[in-house]
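Remember, it's 1-based here, ligands and their atoms both numbered in the order they're listed.
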Amino acid sequence: MTLSIPASRVLPVMPAEQQAGLDPYMAQIITNRKSGLSLNHIIGCPLDCGYCVRHFWGNFEQKVPQLLVTTPEAVEVLVGHEAFRPDTTPIQLFNKATDPMLPGVKPHTFAVLKELDRRGLTNLVLVITRFHVSAADMELLEGLRNVRVTLLFTYSGIKDSRVEPIAKSDTTVSSILRAARMRRRTKVILYWRPIVPGWNDDPETMAGVLNVGRHADAIVFTGYYHKEENAEYLRELGVPVPYGDDFQRRKVLPGELDARVVQAWRDSGIATPLFRKTSCGVTYAHQVADYNGHLGVPELCDICPVAQVERCTAALRPPSEEEFRAALESFGYDTSAPFLVEDGHVLTSALGEQRRYALQHELGFQVWEVAHPHVHAAHGRALQGYVLSPEEQAQLDQARDRLAAAARYDDD
Ligand code: SF4
């Protein structure tokens, strides 16, 4: 493998004894997330975003990025992973614990992209950044021929530099505008997140973000992870944190706030489409159907362009039971676990999040866990701000009963 990183730009590898002390999740080089199979062999970031997910895994204080393995090794681990499918599996680079465009990290980001491209792989690759993207970076991205890259710029419009120190500069906005101006095959998404009551949900801030978004291929919006660790950090800085102490597994974006975002977008009159889900924005930008099969939750799609709905409709097909079992087998997963193919999704139990995502990406069809209910119009987010109606509770109970019955049947 030829990975062209000048010796002076190769980051140090974290000493083994330090790696042994990492939280197991931080130590994982590959994890499967909803938006793609994620490569994270570099951890550490100096940007100090107050809501950073690294708070959850005790890594927030690591400001200097370090390698967990070398980049050539990391590429081999990625393409050799059980869930990796050439040309199909969506990939994310450095989405967990660093920013892929930091000066020290960037040579590694480009080395991975160039190597995947050299191998002729056409997988979608998501690169999420809020940092500086230069003209030279765009030329390099435009020089790729096979991998289909999307730059997702996290830009929230938050002005409080205690929450986002980078808000003091115009780094993100100028990078969005530059990338949008220079893009040809690279896609550019304004990743409008986190949207948090009291931080950036006033009409003026929303209009400002949307105005930047008019230059992008798509805008994707979402809430933030309301968890004890980041809430505590922000409260210590004196930042008002909404939602009380009702901490959540999923991102929080109440229905009322969702409606205001959509209305602000409509009122703005901009032509850039708005999406609730990352994979929807990415696939729209590349003119392919959503690889997560979100059309199985049709209330997500009320803001989607007609042509994209048609693409997703044409692609959405429930797997037969045989096909689902074959998919389980192809990944090496337990084929005896109970599942039910239902309208718009496959219901599973105790398969685990990462396996469900691998199946979802492979089949382009939603794969749900019976213990985590999907509430109408909550759009897969935390249930904060949503209440299960008696009908939804009944549906959930029935789903659990059906799966339990299927499990009994499988045991026979
Ligand atoms: S049609 Fe629905 S699933 Fe497909 S991209 Fe649009 S919002 Fe997403």
Side-chain angles (χ1 to χ4, degrees), residues 32-37 88-92 95 122-126 128 148-153 186-193 195 210 213-214 216-223 250-251 253 255 257-266 268 270-319 341-347 356-369 372 374-381 386:
N32 212 353
R33 309 301 308 153
K34 181 134 78 85
S35 298
L37 192 63
T88 305
T89 307
I91 297 167
Q92 303 188 93
N95 61 309
T122 61
N123 301 61
L124 293 166
V125 184
L126 285 63
I128 304 171
R148 292 170 291 163
V149 177
T150 307
L151 281 174
L152 297 105
F153 286 95
T186 308
K187 305 304 175 191
V188 172
I189 288 182
L190 190 155
Y191 213 179
W192 187 2
R193 63 173 195 168
I195 304 178
L210 287 161
R214 75 174 64 243
D217 292 298
I219 302 171
V220 176
F221 74 99
T222 188
R250 293 177 176 148
K251 286 184 192 139
L253 193 90
L257 184 50
D258 176 283
R260 279 197 290 127
V261 170
V262 171
Q263 193 56 50
W265 167 70
R266 291 204 167 108
S268 74
I270 66 170
T272 312
L274 180 73
F275 297 90
R276 294 185 174 92
K277 296 292 174 187
T278 307
S279 62
C280 293
V282 169
T283 49
Y284 164 77
H286 288 274
Q287 309 272 287
V288 294
D290 175 31
Y291 51 77
N292 276 313
H294 281 120
L295 189 60
V297 191
E299 66 265 25
L300 280 171
C301 311
D302 61 337
I303 51 175
C304 190
V306 172
Q308 181 66 6
V309 176
E310 286 172 359
R311 241 173 245 131
C312 289
T313 305
L316 194 77
R317 191 179 66 79
V341 181
E342 300 199 313
D343 186 19
H345 60 265
V346 180
L347 202 58
R356 283 193 287 116
Y357 293 146
L359 292 160
Q360 195 160 287
H361 299 157
E362 170 81 353
L363 300 166
F365 201 75
Q366 290 271 293
V367 180
W368 293 3
E369 160 59 50
H372 299 146
H374 279 238
V375 174
H376 180 76
H379 306 315
R381 302 179 188 123
Y386 300 91

For this session: Mind checking salt bridge (charged side-chain N to carboxylate O under 4.0 Å, His left out) for R266 and listing every partner two or more places apart, or none if nothing turns up?
Result: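 For R266 there are no salt bridge (charged side-chain N to carboxylate O under 4.0 Å, His left out) partners, ignoring immediate neighbours.
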Problem set entry | Pairing residues for R33 by the salt bridge (charged side-chain N to carboxylate O under 4.0 Å, His left out) criterion, not counting sequence neighbours |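 For R33 the salt bridge (charged side-chain N to carboxylate O under 4.0 Å, His left out) partners, ignoring immediate neighbours, are E353.
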Problem set entry | Pair D290, S279: side-chain N/O donor-acceptor within cut-off below 3.5 Å |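 On atom types as modelled, these side chains qualify, holding a pair under 3.5 Å.
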Exercise. Any donor-acceptor pair under 3.5 Å linking the side chain of Q366 with the backbone of G344?
Worked result: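 Answer holds: no.
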Exercise. With no hydrogens and no angle check, is any side-chain donor or acceptor of N292 less than 3.5 Å from a backbone partner on K34?
Worked result: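 Present.
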Problem set entry | Sequence-distant partners of F275, ring pair (Phe, Tyr, Trp, His ring centres under 6.0 Å), two or more places apart |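 In terms of ring pair (Phe, Tyr, Trp, His ring centres under 6.0 Å), with neighbours along the sequence ignored, F275 is linked to Y284.
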Exercise. Around atom 6 (Fe) of ligand 1, how many protein N, O or S atoms are there at under 2.8 Å?
Worked result: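 There are 1 of them.
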